[in-house]
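These notes concern the structure reproduced below.
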Amino acid sequence: MRDTQTPIATSESPQLCGVLAEFETVDALLAAARRVREAGFARWDAHAPFPVHGLDEAMGIRRTRLPWIVLACGLMGVLVGLGLQWWTNAVDYPFLISGKPLFSWPANVPVIFELGVLFAAMGAFLGMLVLNRLPEWYHPVLTSERFRRATSDRFFIVIDADDPRFDRRGTSELLESVGGAVELLEA
Amino acid sequence: MPMSHEMPRSADRDEPHRLGALGPRVVRVAGGIGIAALLASVVLGSLQPDGIERLSRTYLVSFSYVLSLALGALFFVILQHLTRSGWSVVLRRLAETFAATLCWLAILFIPVALSVRSLYGWTQPAADDALLAWKQPYLNLPFFYVRAAVYLVLWAALARFFHSRSTRQDGSGEPALTLSMERWSAPAMILYAFSVTFAAFDWFMSTDAHWFSTIYGVYYFAGSVMGFLALMALAAIALRRAGRLTRSITIDHYHDVGKLLFGFMCFWAYIAFSQYMLIWYANIPEETAWLVVRQSGPWGSLVIVLSVGHFVLPFFGLMSRSAKRRTTVLGLWAAWLLVMHWVDLYWLLMPRWSGEHIPFGVIDVTCLIGLVGVFIAAAARVAARHPLLCVGDPRLAESIALENA
């Protein structure tokens, strides 16, 4: 592990990556998230040690598109399962098994079912990673000493510096005005 | 459990949570229609030469239908205690109520018990029928009646156990009652599983006594639970329209019932196909004879209707989150699946007697309306005596505060 206290050695001066605000309660986090959303920010996130009901609504996160990806993958698995058995059993290498037709659907259903489930599960897992932009090995927020409590007893909002509405003073003041303890993130 | 700013609400005392005047009205109307329809069925039956036999057979189909709904309810109640569920407390009284009709269904079994000779060929086996002779130690009338009595008494007792304790808790709020129901839920579930399996063997599978399928009981069970979940969704929607339980049963509860309905609908398809595929693959005449009748001619078309209507359409129709969260959409699918469930049982039982053609006629409809009417009247009679909500349950507040992610 790299020592997080030591900044990466660069010739340039440290660059501002974003602003971090710490809150002590869920209510403060939810109230702050509503304000940040109303202010029109797009590139920001909230962090909490446990799932917080109502946080998605407060942040204005729209429902995930993942189910559609899973459905498409599942249907693809069905087609692959059907095609595979049709090609191998009925076309490429016809082989008579217990007097059944070469292409008989009841025998194909278990493989179709399993491949449908497999593809859907893979689609759910990989789709989740891609939509969450994971894996992400490093984020500037990890340099903050304060942020370590995000896994135990504190709540955070982080606004990225590349958000179109971001400006150093204004954004910090907004987060302070909703009761956050603000820290600038540099890397 | 929500861990956030909002404390769970406790029972909403202002919300109408009793049937009130609606109870006796439902009993009168449903019971009146039901009894009239049953009488009409008897009249229709006696007009034809072999009409009474015909009636006994369609009666068995519709009896298996209402019985399955009550048994599905009993399963739901036992399962909630077995898993110590909090989310379902606002719905549990509905299930307890439908399960409590099992003592009435024991009375409705009497016509079946009286018409064993037209229903079960094993009661008059041919002299040279070695297979039935071999099965005789199990398939004989005295033992059949003893077993039937055991199942019916057991179900009525289980339903009464859970219903009476739960309603006693309405007044006292005593947590010990919950604990005792939870303690008994595991043995109750084991007894339930065996009794439903063997009742399905005895009453429905043995109509075709040469044939057997070990998964038959599970098949009946899968349809039962699906049918009950559809019924519970419709009952909750009907109560909401009538201004009862408008706040306690929230969209999140409908959503969860919709998920279970979807799940058990798929489970039915899975079991139905499992039964079919093994018989198809092994291709042993002893087993295939049963399917040959059911997949040829008009009955074969019904297989397609069931595959599409009982699985493919509702699979896509109930899949999305928004379908399960809209009471109209959920209600339409629930009603559709309740129809399909009856078609399934008709397909399961009727070909034994009708051969190649589908004998569907007015008598099937009147008999179904009759039994469903009596079933609803019995449920409304039980429901009218108690709150529609487990108002004394320690987990009521937790249930009302349910939130789906």
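Lettering of chains follows the sequences in order, A, B, ..., and the numbering in each one begins at 1.
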> So which bits of residues 150-168 of chain A come within less than 4.5 Å of chain B, counting non-hydrogen atoms only?
Replying inline: none
> Considering all heavy atoms of both residues, which atom of A:A107 and which atom of B:Y281 are nearest to each other, and what is their separation?
Replying inline: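 Heavy-atom minimum between the residues: CB-OH, 3.8 Å.
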> Considering all heavy atoms of both residues, which atom of A:P106 and which atom of B:M277 are nearest to each other, and what is their separation?
Replying inline: O-SD, 3.5 Å
Heavy-atom count around [X] [atom1] within 6.0 Å, excluding the residue itself: above 12?
| X | atom1 | value |
| --- | --- | --- |
| A:R37 | CZ | yes |
| A:E176 | CD | yes |
| B:W347 | CH2 | yes |
| B:R84 | CZ | no |
| A:M122 | CE | no |
| B:R240 | CZ | yes |

Show me the side-chain donor-acceptor pairs of residues 90-98 of chain A shorter than 3.5 Å, one per line, residues at least two apart or across chains.
none

> Can you say whether A:W68 sits under 4.5 Å from chain B via the side chain, the backbone, both, or neither, judging by heavy atoms?
Replying inline: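 Neither; nothing under 4.5 Å.
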>> Less than 4.5 Å apart, side chain to side chain, heavy atoms only: is that true for A:L71 and B:F316?
In response: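 Side-chain contact under 4.5 Å: yes.
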> Less than 4.5 Å apart, any side-chain heavy atom of A:F113 and any of B:F273?
Replying inline: no
